[in-house]
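Contents: one structure, followed by commentary.
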Amino acid sequence: MITEQLINSKVEKRSNYATDSISEHPKRSIAKSISWRAIGTLDTVLISWLITGTLRLAFSIGLVELVTKMVLYFAHERMWNAIKWGR
């Protein structure tokens, strides 16, 4: 089943921004990435604060983590939208 879908997805027309935006608009992916990163960053700040004992350092770590993981999550979401498997 999975191999059939993977093989068929290669034969079918590849997904692009115009066709992919119909299934889930990029703004939705952005909103999801922001809400998830808010939760994740709060977790990172709290753990960093417990480990380092320094709130300023914890927020610095959280800020770096916020930006990098939000970009990575958005890219991950867009790649998964191009995969037909499981739909």
Side-chain angles (χ1 to χ4, degrees):
M1 182 173 159
I2 294 173
T3 29
E4 289 174 2
Q5 290 181 353
L6 291 173
I7 292 169
N8 289 339
S9 68
K10 289 180 181 180
V11 174
E12 295 173 5
K13 184 179 176 186
R14 298 191 100 194
S15 179
N16 61 35
Y17 177 80
T19 59
D20 186 44
S21 65
I22 294 169
S23 64
E24 182 172 310
H25 199 277
K27 288 181 183 178
R28 178 178 162 86
S29 294
I30 291 170
K32 286 167 56 177
S33 66
I34 290 170
S35 67
W36 178 244
R37 282 319 325 142
I39 294 167
T41 299
L42 178 60
D43 179 56
T44 299
V45 168
L46 290 173
I47 292 170
S48 299
W49 184 27
L50 290 173
I51 291 172
T52 66
T54 308
L55 196 54
R56 184 176 180 151
L57 180 58
F59 276 108
S60 297
I61 294 168
L63 180 64
V64 170
E65 182 261 358
L66 171 71
V67 173
T68 58
K69 288 192 178 172
M70 197 161 37
V71 170
L72 290 171
Y73 178 80
F74 179 79
H76 181 259
E77 270 289 304
R78 304 315 298 161
M79 284 186 268
W80 266 101
N81 278 336
I83 298 171
K84 301 286 187 220
W85 177 76
R87 288 188 181 195

Query raised in the report: Is there a donor-acceptor pair closer than 3.5 Å between any side-chain N or O of S35 and the backbone N or O of K32?
Result: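 Present.
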Could you measure the distance from the [atom1] atom of [X] to the [atom2] atom of [Y]? Nearest 0.5 Å is fine.
X: I34; Y: F74; atom1: CD1; atom2: CZ; answer: 10.5 Å
X: E65; Y: T41; atom1: CD; atom2: OG1; answer: 4.0 Å
X: L72; Y: H76; atom1: CG; atom2: NE2; answer: 10.0 Å

Could you work out the complete set of other residues in the hydrophobic cluster of [X], with links drawn between I, L, V, M, F, W and Y side chains under 4.5 Å apart?
X: V67; value: none
X: L46; value: L42, V45, W49, L55, F59
X: I47; value: I51

Query raised in the report: Got a sec, which pairs hit side-chain hydrogen bond (donor to acceptor under 3.5 Å, both in side chains) with one end in residues 52-61, sequence neighbours left out?
Result: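 Not a single pair qualifies under side-chain hydrogen bond (donor to acceptor under 3.5 Å, both in side chains).
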**Report entry** Residues which pass side-chain hydrogen bond (donor to acceptor under 3.5 Å, both in side chains) with W36, listed by chain and number, not counting sequence neighbours
**Finding:**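 Partners of W36 by the side-chain hydrogen bond (donor to acceptor under 3.5 Å, both in side chains) criterion come out as none, since no residue qualifies.
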Requested in this report: Please list, chain by chain and in numerical order, all residues satisfying side-chain hydrogen bond (donor to acceptor under 3.5 Å, both in side chains) with S29, sequence neighbours excluded.
Outcome: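 Listed in chain order: E24, R78.
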Report task. Write down the atom of T44, the atom of G62, and the distance for their closest heavy-atom approach. Result ->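 Closest approach of T44 to G62: CG2-CA, 4.4 Å.
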